[in-house]
Structures are given as structure tokens and as C-alpha cells.
Number of protein chains: 2
Amino acid sequence: MSPAQRHPTMADVADRAGVSASTVSRTLRGLPTVSPEVRARVQQAARELNFAVSRQAASLVTGKTGVVAVLVPTLNSWFMGSALSSLGPLLRAAGRELNVYVIPDMTERTSFFERLPARRNADALLVFGFDLTDDETARLDDLGMPVIYVSQHAEGRPSVYVDDVAGALKATRHLLNLGHRRIAFAPTTGATGFSFSSRERLLGYQQALTEAGIPLDDELVVTMAFEDKRGLIAGVGHLLSLREPPTALFAEQDELAVAVIHTLRQARIEVPEQMSVIGFDDHQVAEWFDLSTVAQSPSDMGRQAGELALQLIDDSEADHTRHIVLPTQLIPRATTARRASPQEDDETPQTPS
Amino acid sequence: MSPAQRHPTMADVADRAGVSASTVSRTLRGLPTVSPEVRARVQQAARELNFAVSRQAASLVTGKTGVVAVLVPTLNSWFMGSALSSLGPLLRAAGRELNVYVIPDMTERTSFFERLPARRNADALLVFGFDLTDDETARLDDLGMPVIYVSQHAEGRPSVYVDDVAGALKATRHLLNLGHRRIAFAPTTGATGFSFSSRERLLGYQQALTEAGIPLDDELVVTMAFEDKRGLIAGVGHLLSLREPPTALFAEQDELAVAVIHTLRQARIEVPEQMSVIGFDDHQVAEWFDLSTVAQSPSDMGRQAGELALQLIDDSEADHTRHIVLPTQLIPRATTARRASPQEDDETPQTPS
DNA sequence: GTGAAAGCGCTAACAG
DNA sequence: CTGTTAGCGCTTTCAC
């Protein structure tokens with residue numbers, strides 16, 4: 001209630017325990033060079049005074065802030081939420097604070113890279129899912145702390161990401177195996193900065209088709225955003241109105257997949273009877289909607305990135321170019337099915353009974 | 001790449017600009033007592049050296065850390081994501097850092113309240129949506145900084161929350177106005193700590209029924225969690241198997257509402273034809289699914305809470321018991337409809353038309 | 001308008 | 001094992 005009252009200092013604890021400040025410091029940091037009795041006395045004094053070490057003062061002399069910073073485009077997404085929910089406790093367990101920089105738009109972004117507020121205020125920076133320019137990367141390079149790139153590959157710099165190409169391959173092959181030949185891909189707009197994954201997943205999709213001897217068709221790639229209902233209707237409409245409409249669709253994200261399914265069903269197109277749909281993520285919605293998908297684990301990603309950060313902080317000898325690539329897993333559920341009427345050519349009418 | 005190189009200090013900047021450290025300090029803090037020419041010289045020197053003030057050193061003397069801490073049960077929810085996505089930039093604009101403590105389980109919680117790592121490391125603490133014990137609240141009271149309770153009412157302490165009772169009233173009245181008399185309420189389990197809202201919304205629901213002269217029926221209140229598919233099936237099954245099943249359902253959250261709708265449709269129950277469903281939140285899913293709901297704005301909440309925090313930090317004279325109660329808004333969409341067959345049973349015939 | 005000096009609370013040598 | 005001494009990099013009097 002009275003935030004004005006001053007915090008006790010180490011000197012206060014030292015007085016009360018009848019020792020010197022150094023001894024208090026040693027005790028509180030758990031150094032072994034303190035006799036058990038003194039240790040006990042100090043700890044009690046500290047407890048009684050409700051004493052807490054000031055990180056500011058400590059870091060002034062140690063040169064370490066005890067803070068790990070993360071740079072994120074938003075917090076309002078399944079991916080970021082999961083990743084940080086695992087990163088947070090991990091850092092906490094290592095006695096570190098988690099500092100978050102949310103950069104939702106271009107203005108904030110410019111100002112962040114101009115001022116680099118993390119400079120001198122963190123021991124490491126985790127950059128999540130931004131598609132950085134070379135200039136921006138260069139700025140981060142001389143931030144004076146390890147910078148870990150998460151959810152994106154950064155040449156010659158530590159990064160942690162999921163194997164998007166392989167995941168997209170799995171998704172597309174799954175559809176191919178079910179007999180589909182006309183397969184659409186729906187990437188989402190890169191506004192939130194996740195375009196690295198978009199590109200990679202498109203690549204995996206294309207590679208799978210090529211492997212199967214199916215020519216690529218740009219008409220089948222339609223960018224949509226799950227927040228944009230009208231865009232969804234337009235996108236789905238476009239696909240359905242093609243001379244040769246797709247019988248399956250691979251959406252870049254589960255949320256988009258679910259939105260597409262909803263749109264299809266409103267147009268009286270049955271899923272999976274008339275159109276198979278597969279997503280990517282294994283987002284929570286996937287389970288309730290029995291959505292086939294390719295699972296990735298953002299919480300693993302957060303954990304790995306956090307561990308890498310701690311390692312790079314503690315050991316400047318560590319490999320600063322390490323890449324950690326995380327696996328994906330195909331999870332077939334109820335929104336993908338064998339192509340309804342496996343007619344023997346591609347021109348023929350698409351009448352599913 | 002070489003994180004080992006030391007950061008330049010104010011003394012370095014001072015040397016380069018040919019002034020004293022004090023002048024550098026004054027310039028960089030924007031104090032007016034610096035001549036334009038000197039100011040320019042200092043700023044250039046700082047830029048050239050890529051200098052950034054060390055918060056640690058500054059806070060050691062000012063006593064302010066420049067950090068606002070938040071305590072959250074998880075980051076993996078629409079509510080928290082939205083709230084922090086607005087809080088972050090707001091703090092940034094005020095030159096503050098955002099420090100996040102994620103407390104997902106009881107172990108972390110206990111350890112947080114025992115050690116209070118925020119002590120001395122932040123200027124204010126925002127506590128989001130925990131249902132705190134009296135002991136915990138007492139601990140926070142002598143943290144030595146303003147503590148703002150968000151998404152919950154805390155007696156005699158600054159808090160920011162939405163008017164859940166009024167919101168629930170609106171939702172329930174909406175259903176009543178559509179002719180429904182048997183209305184179910186589905187709260188979610190309080191594991192994530194959002195039980196304050198649960199309780200309040202239940203109250204609003206009950207109040208609306210009472211106003212309408214409808215006796216409360218415990219059978220109609222079924223706790224479900226949207227993550228738990230089997231629980232959903234059981235809960236929905238219970239409601240449908242009642243002697244007198246409900247014709248409408250009010251779900252505590254949109255995500256739950258959507259999951260219930262999905263479960264109902266799988267059981268071949270049409271929404272809204274056979275069962276009206278309304279949610280709470282105006283979560284993003286609500287729009288794609290045309291879900292009727294009661295809107296609240298977590299981003300407003302984050303913003304208000306942030307502003308309150310800044311105010312309490314800067315002005316210790318400010319009212320430390322202020323409560324900010326945010327409004328809700330009924331958003332009728334397509335999942336609620338007039339009761340289908342207005343049979344003349346029960347109390348009074350409800351015949352519209 | 002600017003500089004000199006003192007000191008914020010801690011840790012890191014160095015003695016003992 | 002413990003105390004003493006010196007700063008860490010800033011901001012803040014107080015002179016000028």
C-alpha cells in the first residue's frame with residue numbers, strides 16, 4: 001500500500017545478521033564459501049527484512065542483466081502464445097526474466113530497429129518469425145548480445161525452426177495418396193510476418209506435386225486470411241469456379257483451414273465428401289473439428305530456443321551458427337478422404353453422384 | 001557477432017563530444033538546460049558510438065527500473081494475447097519495458113509468491129485474471145510497488161475488469177426475448193484462473209432468469225472445457241437427455257460456444273433451429289461462425305490497465321483504489337433464433353406471431 | 001549552461 | 001571462511 005517505503009539493502013541484512021555485505025552476497029548467491037551457521041543467520045535476516053537483491057545493482061557490476069528479450073510481431077496468435085508459454089517458465093527456472101517487445105506495425109518496427117531498446121538491457125534476444133531485411137539483421141548483429149532467430153532460418157546465425165518443407169510435403173502427399181490430383185494451396189498473407197513459413201510450405205507443396213508428375217497450376221494457389229470473411233468467400237469461389245476445380249485443399253494454417261471448411265459448408269460443399277481439407281499446426285481447433293493436419297510444436301520451439309539462448313549466454317565459446325530444425329507429424333483426421341469419383345480423366349464432369 | 005565487446009559508456013560519449021558526462025546525461029534525457037550546439041554535438045557522438053543508456057545504472061540512482069511486470073496464468077489464450085498485444089506497444093511508447101511472468105501451474109505459482117522475483121525489478125505489477133488467496137494478495141501488498149488487478153475485482157485496490165454481470169444479463173435477456181424459457185449456462189473449469197468471470201457471468205444469467213420469473217434449475221448449468229471433447233459430448237448429452245431439455249444455451253466463452261455448436265451439429269441438432277447458442281467475448285472465431293455473442297475488449301482492458309499503471313507509477317498521490325469497469329455489447333448473429341415451436345405447455349404460452 | 005564530486009546497491013578482487 | 005576496498009555507469013546536488 002505504501003510503495004514509497006524504501007527497500008532494505010544488503011547492508012541492512014548484513015547489520016541484522018552481524019556480518020559484512022560481502023558475506024550476505026555470497027550467501028544469497030549460494031556460494032559454498034560460507035559457514036552453515038552464518039548462512040542460516042543471513043538467510044533468516046534476509047527473510048525477516050523481506051529482502052530481495054536488486055538486479056540493477058548486481059548487473060552493474062557483473063555486466064549481465066539476467067534478462068532475455070523476445071521480439072514478436074504479436075502475442076495474439078496460437079503460435080506465439082504457445083511458444084512463450086513454454087519459454088517463460090523455462091527462463092524463470094533459470095533465474096531469468098522475460099522481456100517482451102511487441103512490434104505490431106511498421107512504425108513500431110522502424111522505431112525498434114532505430115533505437116534498439118534491448119541494447120544493454122538484455123543478455124540475449126530471440127527474434128520470432130519476422131522476415132527481416134538485411135539492414136535489420138545487420139543492426140541486430142552489433143547489438144552486443146547473442147541473437148537467436150526463431151521460426152525462421154537465418155544464414156550463419158543461430159536459429160530454430162520447424163521443417164516446413166517436409167511438413168508441406170507430408171500434407172500434399174497425403175492428399176495425393178488419397179487419389180487427389182487437383183490440389184489447391186492456400187497461404188495466408190504475410191502481414192503478421194510469417195512469410196518465411198509461407199514460402200517454405202509452398203515449396204513443399206510444389207515439390208510433392210512435381211514428384212507425382214502433376215504440373216503446377218498457379219490458379220490453384222490462393223492467398224487468404226482467416227480473419228477476412230469476404231476474402232475467404234472470394235477465394236473459395238475462385239477455386240470452385242475453375243474449369244477444373246480442386247478436390248482437395250491444403251491450408252497453410254489450421255485456423256485458415258477451419259475457416260475455409262466453414263465457408264465451403266455454407267456453400268453446401270461437403271467436407272470431406274466433395275472437398276478434402278488439410279491444415280498445418282495441430283492447433284487446438286483442429287481437434288474439435290476433426291481436422292486433418294500436420295502437427296508442429298511451438299512449445300518445443302520455445303523451449304529449444306530458450307535453451308539455446310541460455311547456452312549462448314553462458315558460453316561464449318558455443319557454436320553461434322547452430323541451426324535446430326524441428327520435426328512435423330502428419331495427423332490424418334476426418335476432413336480428408338479418398339477422392340470421391342476417381343474418374344479416369346481430368347476433363348470429365350465432376351459429378352459426385 | 002562478438003558479444004564480448006564492451007558497450008560504450010557515457011564517459012566515452014562525453015569525451016568524443018568534448019563535454020562532461022553530466023551534459024551527456026542531460027542531453028539524452030531531453031532536459032532543456034543544454035545549449036542547442038552542445039546538444040547537437042552530443043547527439044551525434046552518441047549516434048556514432050551506437051550508445052545506449054544502461055537502464056541498470058540509471059535505475060540504481062533514480063530508484064525506478066523502467067519496467068512494468070505482468071503476472072499471467074498463460075499466454076496461450078485469446079484474452080491474454082489481445083490484452084498484452086495492446087499493453088506492449090503502450091508501454092513501449094512510454095519508454096517502458098514489459099516483463100512477463102508466466103505462471104502455468106501451482107508449483108510455479110507457489111514459487112512466485114514465495115520469492116516474488118518482481119520485487120525491486122519493476123515499477124508496477126499487473127496481475128491478470130488470477131483468483132488470488134488473501135495470503136497472496138497480502139504478499140503483493142508489500143511488494144513495494146503499485147499492483148493493478150486486471151480482469152478481476154480486488155477490494156480496495158486498483159482494478160480493471162469487464163462488467164461480466166451486465167454482459168451475462170444481456171446474453172440471457174437476448175435469449176429470453178427470443179422466447180426461450182429453458183436456457184442452459186455452460187461455465188468453463190477455472191483451471192486457468194478465470195473463475196472470477198465465471199462466477200460473475202453465472203450471476204448475471206441467474207439474475208436475468210429471476211427477473212423473468214423463471215425458476216433456476218441446477219440441471220441446466222453444466223461445466224465444460226472446450227479442450228475436452230469427451231466432456232463436451234457428455235455435457236451436451238446431459239442437457240439433451242433432460243426431461244425438459246433447454247432450447248438455448250449461453251456459453252461462458254466463444255470458444256466453448258463454438259465447440260458446443262460443433263458437438264450439437266455432429267449429433268444432428270441444428271443450430272439455431274433446434275438450439276440457440278450464444279457466447280461471450282466476440283473472439284475471432286465468433287465472426288467466422290456467425291456466433292451471437294457479448295463482446296468485450298481485452299485490448300481495451302490491456303490499454304486501460306497499462307495507463308492506470310503508468311499513472312500510479314508517476315503519481316504516488318493518485319487514487320490507489322480506483323476501479324475501472326469496462327462495458328460489454330450484445331452482438332446478435334446467426335446462432336440464436338426465436339424459439340422454434342412455441343408449444344403452449346409450461347407456464348405461459350409464448351406465442352410470437 | 002556546464003562541470004566536479006558524491007553516491008545509488010551490489011560484486012570482485014584482495015587480504016587476513 | 002570472512003571483511004575491506006574499489007569500482008560498475010549513471011544521475012544529482014552544488015558550484016561556477
Base, sugar-phosphate or nothing for [X]? Non-hydrogen atoms, less than 4.0 Å.
X: Ser22(B); value: base
X: Arg120(B); value: sugar-phosphate
X: Thr23(A); value: sugar-phosphate
X: Thr9(A); value: sugar-phosphate

Using whole Å, what does the distance between atom [atom2] of nucleotide [N] and atom [atom1] of [X] come to?
X: Leu28(B); N: dG9(D); atom1: CG; atom2: P; result: 16 Å
X: Asp15(B); N: dG9(D); atom1: CG; atom2: P; result: 13 Å
X: Arg119(A); N: dG9(D); atom1: CZ; atom2: P; result: 15 Å
X: Met10(B); N: dT12(D); atom1: CE; atom2: C1'; result: 12 Å
X: Leu60(A); N: dG9(D); atom1: CG; atom2: C1'; result: 5 Å
X: Leu31(A); N: dC1(D); atom1: CG; atom2: P; result: 12 Å
X: His7(B); N: dC8(D); atom1: NE2; atom2: P; result: 16 Å

- Let me know, please, whether Val38(B) or Gln56(A) comes out on the 5' side of the other along DNA chain C by nearest nucleotide.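 Final value for this comparison: Val38(B).
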- Identify the 5'-most and 3'-most nucleotides of DNA chain C with at least one atom closer than 4.0 Å to a non-hydrogen atom of chain A.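 So the outermost contacting nucleotides come out as dG9(C) to dA13(C).
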- Task: Return yes if some donor-acceptor pair links the side-chain N/O of Ser86(A) with the main-chain N/O of Ser299(A) below 3.5 Å, else return no.
- Result: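 Confirmed, Ser86(A) side chain pairs with Ser299(A) backbone.
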- Quick one: is Arg29(B) getting a side-chain N or O under 4.0 Å of the dT12(D) phosphate, OP1 or OP2?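 Yes, within the criterion.
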- Message: With a cut-off of less than 4.0 Å, is there a side-chain N or O of Ser25(B) near OP1 or OP2 of dT11(D)?
- Response: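 Answer is yes, contact under 4.0 Å.
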- Given side chains that start at C-beta, do those of Phe51(A) and Arg120(B) come closer than 4.5 Å, heavy atoms only?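 When only atoms from C-beta onward are counted, Arg120(B) and Phe51(A) do touch, with a gap below 4.5 Å.
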- Query: Does the side chain of His153(B) reach to within under 4.5 Å of the side chain of Tyr161(B), using non-hydrogen atoms?
  - Reply: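 When only atoms from C-beta onward are counted, Tyr161(B) and His153(B) do touch, with a gap below 4.5 Å.
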- Query: For residues Ser85(A) and Asn76(B), is any side-chain donor paired with an opposing acceptor at under 3.5 Å?
  - Reply: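 Looking only at side-chain atoms, Asn76(B) and Ser85(A) do not form any donor-acceptor pair under 3.5 Å.
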- Under 3.5 Å, is there a donor-acceptor pair linking the side chains of Glu97(B) and Tyr101(A)?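 Per modelled atom types, Glu97(B) and Tyr101(A) side chains form a pair under 3.5 Å.
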- Message: More than 12 heavy atoms of other residues, nucleotides or ligands under 6.0 Å from CG of Asp134(B): yes or no?
- Response: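 Atom CG in Asp134(B) is not packed in, count stays at 12 or less.
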- Message: Base of dT2(D), side chain of Thr33(A) - is there a donor-acceptor contact under 3.5 Å?
- Response: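 Checked by distance alone, the answer is no.
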- Stepwise side chain to side chain contact (heavy atoms under 4.5 Å, CB included) check, Leu312(B) with Met145(B): CA-CA 9 Å; Leu312(B) 293 178; Met145(B) 65 181 77; over 6 Å; no
- Start at the 5' end of DNA chain D and walk down; is the nucleotide closest to Ala21(A) or to Val61(B) reached first?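 Per heavy-atom nearest nucleotide, the more 5' residue is Ala21(A).
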